[in-house]
Amino acid sequence: MLLSKIIFFISLSILFYNYFGYGLLLALLVRCKRMLQREKQDDTVFEPTVTLIIAAYNEHAFIDQKIQNTLALDYPEQKLEIIFITDGSTDGSEKVVQNYPRITLLHEYERKGKTAAINRAMRIVRTPFVIFCDANTLLNTAAVKNIVKHYRDEKTGGVAGEKKVLTTDGDNAAATEGVYWKYESLLKKLDAAFYTVVGAAGELFSVRTSLFAPVDTSVILDDFIISLKINQQGYRIAYAPDAYAMERPSTSITEEHKRKVRISAGGFQSIVMLKSLLNVFRYPLLSFQYISHRVLRWTLSPLSLSLLLISAAILTFSAAGWFYSLIFFAQIGFYLLALGGWFLAAKNIKFKPCYIPFYFTFMNVAIYEGFFRYLRKQQSSVWEKAQRETTYINI
């Protein structure tokens, strides 16, 4: 029983810290930092030349809307270079781009993956800053301005934009991703205020061109690796919540599952590739944030969920005390709601109280699947993207 209690409290502590404690600790540290340091405001105009790189694979149904959105960005035309990469597309996406002479088109018939496409595009970039964004997103008009202003600080090596999942009341369980991203956005805001964003999202992020190094084409999460490699050079990744990429949720929970498993496999690959970041003596602040926000989320937290349930069950049926029983039956209730959410999602029936427990459980199950996929080396960096809703709500 002693061993069960030890496992119970270690698991409970890890889960509390990862999902609640880290955010609370960051909020406290940020408040202390702001009391000791006064933030400087710089309102001078800062409009350097920038390159916007958009990788598009078989986006014919949406690419014209993406181009119109890109050309409407509020930034001096002569200072904004635009590159579209349509490598491997078989639906005529490249022909749509050819209708716009302002845009530089890169197209090869062979599909080598997004990472290879980015490496190729970066070879022709001549501006000091570059912004990457996905082809199935729309940017707010001030996105470029709101990103580049952070580069006034010479220690800023990159900027992470905001991801917004546009949902409606009629969307399916996959739309619960929007709730998750609201939580992630809060953590990113605290991360950046403390020191740095830990891994940018590929929907919208930017780097100093001089700091970019070609990425191995086997990399699954190119955005994550690129941004953390810049951190390792001694630079921080700033956060621009007022620069955001808007996208619709996956068309189904099956499509969302495909995406989550891929991200999870990429997470384990990243931990191995960035193993030096586990050395808190070499990167004190960065390692603290990286381990707390990312590594625990991909490793010990999913394991702790299983161990907490098992240890709580053993202690409950051993009559160890009311507290263990409370935690055990709370978990049973949570997972019953998740099971109900799974059933309703399969039937495409809306019931939000079940969707959040389901999505949380769904994400952690996907981590297990991603782990075994990574071990079996079954996750290619070239993958069939998850299908997303293409009808955008009024933005």
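No hydrogens, no waters, no symmetry mates; every other heavy atom, side chains included, goes into these values. Residue indices begin at 1 and follow the sequence shown.
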Report yes or no: does [X] contribute a side-chain atom to a donor-acceptor pair with the main-chain N or O of [Y] at less than 3.5 Å?
X	Y	value
Lys66	Thr137	yes
Thr361	Ala338	no
Arg282	Ser287	no
Asn231	Val198	no
Ser11	Phe8	no
Thr127	Phe129	yes
Asn119	Val215	yes

Side-chain heavy atoms under 4.5 angstrom apart, residues restricted to Ile, Leu, Val, Met, Phe, Trp, Tyr: same cluster for [X] and [Y]?
X	Y	value
Leu344	Phe358	yes
Phe360	Phe329	yes
Phe20	Ile327	yes
Leu28	Tyr17	no
Leu308	Ile314	no

Can you list everything that forms a side chain to side chain donor-acceptor pair (under 3.5 Å) with [X]? Sequence neighbours excluded, please.
X	value
Asn364	none
Tyr368	Ser306
Asp242	Lys149

What ring pair (Phe, Tyr, Trp, His ring centres under 6.0 Å) pairs are there with at least one residue in residues 217-238, not counting sequence neighbours?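 Listed by first then second residue: Phe224-Trp298.
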So with a 6.0 Å cut-off around [atom1] of [X], is the heavy-atom count from everything else above 12?
X	atom1	result
Lys33	NZ	yes
Arg31	CZ	no
Arg102	CZ	yes
Gln233	CD	yes
Phe343	CZ	no

Side chains of [X] and [Y]: do they bring a donor and an acceptor to under 3.5 Å?
X	Y	value
Gln289	Tyr283	no
Tyr151	Ser206	yes
Ser276	Gln232	yes

Would you say [X] and [Y] make side-chain contact, with heavy atoms under 4.5 Å?
X	Y	value
Tyr290	Leu274	yes
Leu139	Thr70	no
Leu309	Phe328	yes
Leu315	Phe323	no
Lys114	Asp134	yes
Leu221	Asp223	yes
Ser270	Ile225	yes
Phe288	Leu29	yes

Please go through Val365's hydrophobic cluster and name the other residues, only I, L, V, M, F, W, Y counting, with side-chain heavy atoms under 4.5 Å joining them. none
Run Thr51 and Thr209 through side chain to side chain contact (heavy atoms under 4.5 Å, CB included) and show every step you take. CA-CA 9 Å; Thr51 298; Thr209 306; over 6 Å; no
Distance from [X] atom [atom1] to [Y] atom [atom2], nearest 0.5 Å?
X	Y	atom1	atom2	answer
Ile237	Tyr195	CD1	OH	9.0 Å
Gln269	Ser218	CD	OG	5.5 Å
Asp74	Leu80	CG	CG	11.0 Å
Leu305	Leu12	CG	CG	10.5 Å
Ile310	Ile7	CD1	CD1	8.5 Å
Ile131	Phe205	CD1	CZ	11.0 Å

Could you report the tightest heavy-atom contact between [X] and [Y], atom names first, then the distance?
X	Y	result
Lys155	Gly234	NZ-O, 3.3 Å
Arg294	Gly199	NH2-O, 3.5 Å
Thr217	Ala116	CG2-CB, 3.8 Å
Met273	Val219	CE-CG2, 3.6 Å
Ser264	Gly370	CB-CA, 3.9 Å
Ala72	Thr141	O-CG2, 4.0 Å

For residues [X] and [Y], establish whether the separation of their ring centroids is below 6.0 Å.
X	Y	result
Tyr359	Tyr355	no
Tyr109	His107	yes
Tyr19	Tyr183	no

Do you know which of Arg297, Lys164, Lys163, Lys189 makes salt bridge (charged side-chain N to carboxylate O under 4.0 Å, His left out) with Glu184? Arg297
Can you list the steps and then say if Leu15 with Ser301 is a side chain to side chain contact (heavy atoms under 4.5 Å, CB included)? CA-CA 6 Å; Leu15 290 169; Ser301 286; 4.2 Å; yes
Going by the rule salt bridge (Lys or Arg N to Asp or Glu O under 4.0 Å), which residues pair with Arg120 if we only count those two or more places apart in sequence or in a different chain?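 Here the qualifying residues are Asp87, Glu108.
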Verify side chain to side chain contact (heavy atoms under 4.5 Å, CB included) between Phe268 and Arg373, making sure each step is shown before the conclusion. CA-CA 10 Å; Phe268 288 104; Arg373 181 174 292 186; over 6 Å; no
Test log, rule side chain to side chain contact (heavy atoms under 4.5 Å, CB included), inputs Tyr100 and Asp64: CA-CA 10 Å; Tyr100 297 88; Asp64 195 66; 2.5 Å; yes
